[in-house]
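Heads up: the structure comes next, in structure tokens.
Residue numbers start at 1 and run along the sequence shown. Since the model is a prediction, treat every value here as computed from it, not as a measurement.
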Amino acid sequence: MSLAYSTRQPCDHYASQARGATPCSPAAQRWVLVLSVMGSRLAFIEGSIVNLALPSLQTAFDLDAKTVQWIVNAYLLTLSSLLLVGGAAGDRLGLRRVYAGGLALFGGASAACGLAINADMLIVFRALQGVGSAFLVPTSLALLNVYFEPSDRARAIGIWAGASALTTAAGPLFGGAFVDWFGWRSVFLLIAPLSFITLALALARIPNRPAGASESLDVVGAVLLMVSLGLLTYALAGSGSSAMTATVAVSGTLSLIVFVVYEARTKVPMLPLTLFRSTSFSGANVMTLLLYFALGGALYFIPFNLMQVQGYSAMQAGAAFLPLTLMLGLGSVLASNQLKRYSPRGLLTLGATLTGVGFALLMRPTITSSYIIDWLPGIALIGFGMTMCVAPLTTTVMASIGESHSGTASGINNTAARLAGLIAIAALTSLAGILFEQQLVQTIENVPLNAATADLLISHAGDLGGLIERAPTADLRDKLSLAYVCVFRSIMAVCAVLAGAAAAVAWFTLPAGKPTKAAS
């Protein structure tokens, strides 16, 4: 398939309609499709690869679990807070401009992450990566909506989904290999040049189009949301003293209330509260929060177990996720067609239930487990259950509101998914720390240790699985591994319960019939 580009035909659906120009050329459309896949996958793959690098990062910088989580949460915080603004910016300033700006910031921040000399610097640049992603992710898919005619758009999105699934599946595998061969810095330094290559192609191959909307961006709302989420995440993580945690929690709650009040009164809100009058829209987003809370928490903790307890390499841990990513990516295209035959309530209830059973199955592994027997069934069932949820959930959200709010509704649902991961990592890491310290005290009481060694282990209880390598004997390492496995099982139990709650929300809030478009 040729990707030759011609400047003789403008690739601007809306502008061509206005001026009577010829439609977007097939060659230009192919470039838009390729670049849409490249841009969106860079942001998504980075998230999954970084999870595989976290154990190495914990060792390299000698970090406790509460600090490690901020390497992920700094990214999710800025991404969640600015995702809606990023989508609106593409409409107002032009998709190519915002897409290119997001790529430039994402690539530059990735390079800075790879050169970071301490954890604080890494966390700051991860936050900047999140800002870049917030502008890159929504505009990458919006390019297909703008530069493809309605008759070609469905096929383009299908190709985008299939190509995205393959790259997403390959990402953790190759990313894990790079962690093993070249160290954690390679994860970021690999993404940086790919971002800049995509940026150069975008500037050369995606024609510019005039800005669309003239409405102002809700920057104040975005700042209020970021402040409130940051404070609440810090409180959930329990990073300070009890008094400080309580103060931060109250401050975050008040900031969130101010955000809601402001959104209710501003003329152009990033979060139109009127959309939540729809029971289906509200239910679908609550389901998204619960389900992606469970998924985000599980995907964060599984690599630590595989690498720190089971002894997997980063590449092997990445390969362990292949059944989930392949099933989720390729299966979602097929699952979306099932809405023509089955109700969203039935599909989403069943999908969330199966996902919950998959999490429950991950409570089985011990310190010496077989991947085929103990890990694969749970991972595969999570992938199958989520396959039944992802596309139908998005379709349900879009069908519950009018077409005039479709972009905003999609942005809200994506924000809910990212926000769920942010909260999950903070809350579950805090829970894991409490449970692991209890397990550690019991372990030390049953093992003959001198006072110095016991004090050393207790003082590093916050390392969670990272503490295992500090054990002076093989017997103690096994006992610490078992203590961590007990904590991991508790986390998987929480994830299973939340997935079950998501199934209940779907059953009681979503329509029993086939989805129909709400009035505009």
Nearest heavy-atom neighbours spanning A360 and A496:
N-CB, 3.9 Å
Is the closest side-chain heavy-atom distance between M386 and M327 below 4.5 Å?
no
CZ-CG distance between F359 and L295, expressed to the nearest 0.5 angstrom
5.0 Å
I'd like a table of donor-acceptor pairs (distance under 3.5 Å, sequence neighbours excluded) in which one partner is a side-chain atom from residues 127-134, with atom names and distances.
residue	atom	partner	partner atom	Å
Q129	OE1	R126	NH1	2.7
Q129	NE2	E46	OE2	3.0
Q129	NE2	S110	OG	2.7
S133	OG	Y75	OH	2.8
S133	OG	Q129	O	3.3

To the nearest 0.5 Å, tell me how far L289 CG sits from M287 CE.
11.5 Å
Mind checking ring-ring contact (aromatic ring centres under 6.0 Å, His included) for Y300 and listing every partner two or more places apart, or none if nothing turns up?
F304
Okay, side chain of T266, backbone of Y262: is any donor-acceptor separation there less than 3.5 Å?
no
Please report the shortest heavy-atom distance between L232 and A249, naming the atom on each side.
CD2-O, 3.7 Å
Hey, are the side chains of V286 and T509 touching, using non-hydrogen atoms and a 4.5 Å cut-off?
no
Do T355 and V357 come close enough that some side-chain heavy atom pair is under 4.5 Å?
no
Working for side chain to side chain contact (heavy atoms under 4.5 Å, CB included), residues V485 and V309:
CA-CA 8 Å; V485 166; V309 176; 3.9 Å; yes
Worked check of side chain to side chain contact (heavy atoms under 4.5 Å, CB included) between V220 and V223
CA-CA 5 Å; V220 174; V223 172; 5.9 Å; no
Any residue meeting ring-ring contact (aromatic ring centres under 6.0 Å, His included) with F384, in chain and number order, not counting sequence neighbours:
none
Pairwise distance CZ(F188) to OG(S195) - rounded to 0.5 angstrom
12.0 Å
Which distance, rounded to the nearest 0.5 Å, do you find between the CG of N285 and the CG of L275?
9.0 Å
Answer yes or no: are there more than 12 heavy-atom neighbours, outside F61 itself, under 6.0 Å from its atom CZ?
yes
Quick one, L348 and M388 - any side-chain contact, counting heavy atoms below 4.5 Å?
no
With sequence neighbours excluded, residues passing ring-ring contact (aromatic ring centres under 6.0 Å, His included) with F488
W375
Are side-chain heavy atoms of Y484 and F301 found at a separation under 4.5 Å?
yes
Are F276 and F281, when compared by the centres of their aromatic rings, separated by less than 6.0 Å?
yes
Would a distance-only check, ignoring hydrogens and angles, find a side-chain to backbone donor-acceptor pair under 3.5 Å from T353 to T349?
yes
I'd like to know whether L35 forms a side chain to side chain contact (heavy atoms under 4.5 Å, CB included) with L143, so could you lay out the CA-CA distance, the side-chain angles of the two residues, the decisive distance to 0.1 Å, and finally the verdict.
CA-CA 9 Å; L35 291 168; L143 289 169; 5.6 Å; no
Would the number of heavy atoms belonging to other residues, nucleotides or ligands and lying under 6.0 Å from CZ of R97 be above 12?
no
Could you check if a side-chain atom of V258 sits within less than 4.5 angstrom of a side-chain atom of S228, using non-hydrogen atoms only?
no
Residue pair S80 / T415: nearest heavy atoms and the distance that separates them
O-CG2, 3.3 Å
Distance-only donor-acceptor hits, side chain of residues 418-437, under 3.5 Å, sequence neighbours excluded:
residue	atom	partner	partner atom	Å
T429	OG1	I425	O	2.6
S430	OG	L236	O	3.4

Checking side chain to side chain contact (heavy atoms under 4.5 Å, CB included) for the pair F178/R185: CA distance, chi angles, key distance, verdict?
CA-CA 9 Å; F178 268 76; R185 295 182 187 277; over 6 Å; no
S255 and L231, any side-chain heavy atoms less than 4.5 Å apart
yes
Which heavy atom in A320 sits nearest to a heavy atom in L306, and how many Å separate them?
CB-CD1, 3.9 Å
Determine whether a donor-acceptor pair (N or O, by modelled atom type, separation under 3.5 Å) exists between the side chain of D218 and the backbone of G221.
yes
Does a side-chain heavy-atom distance below 4.5 Å link L173 with F321?
no
Give a yes or no on whether the backbone of S140 and the side-chain of S36 come within a donor-acceptor separation of less than 3.5 Å.
yes
For L52 and P55 the tightest heavy-atom approach is O-CD, 3.6 Å
Pairwise distance CG(L103) to CG(L136) - rounded to 0.5 angstrom
4.5 Å
Which residues pass the side-chain hydrogen bond (donor to acceptor under 3.5 Å, both in side chains) test with T288, sequence neighbours left out?
N413
Just how far is it from atom CG of L393 to atom CG of L347, taken to the nearest 0.5 Å?
11.5 Å
Of all the heavy-atom pairs spanning T139 and G86, show the shortest one and how long it is.
CG2-O, 4.1 Å
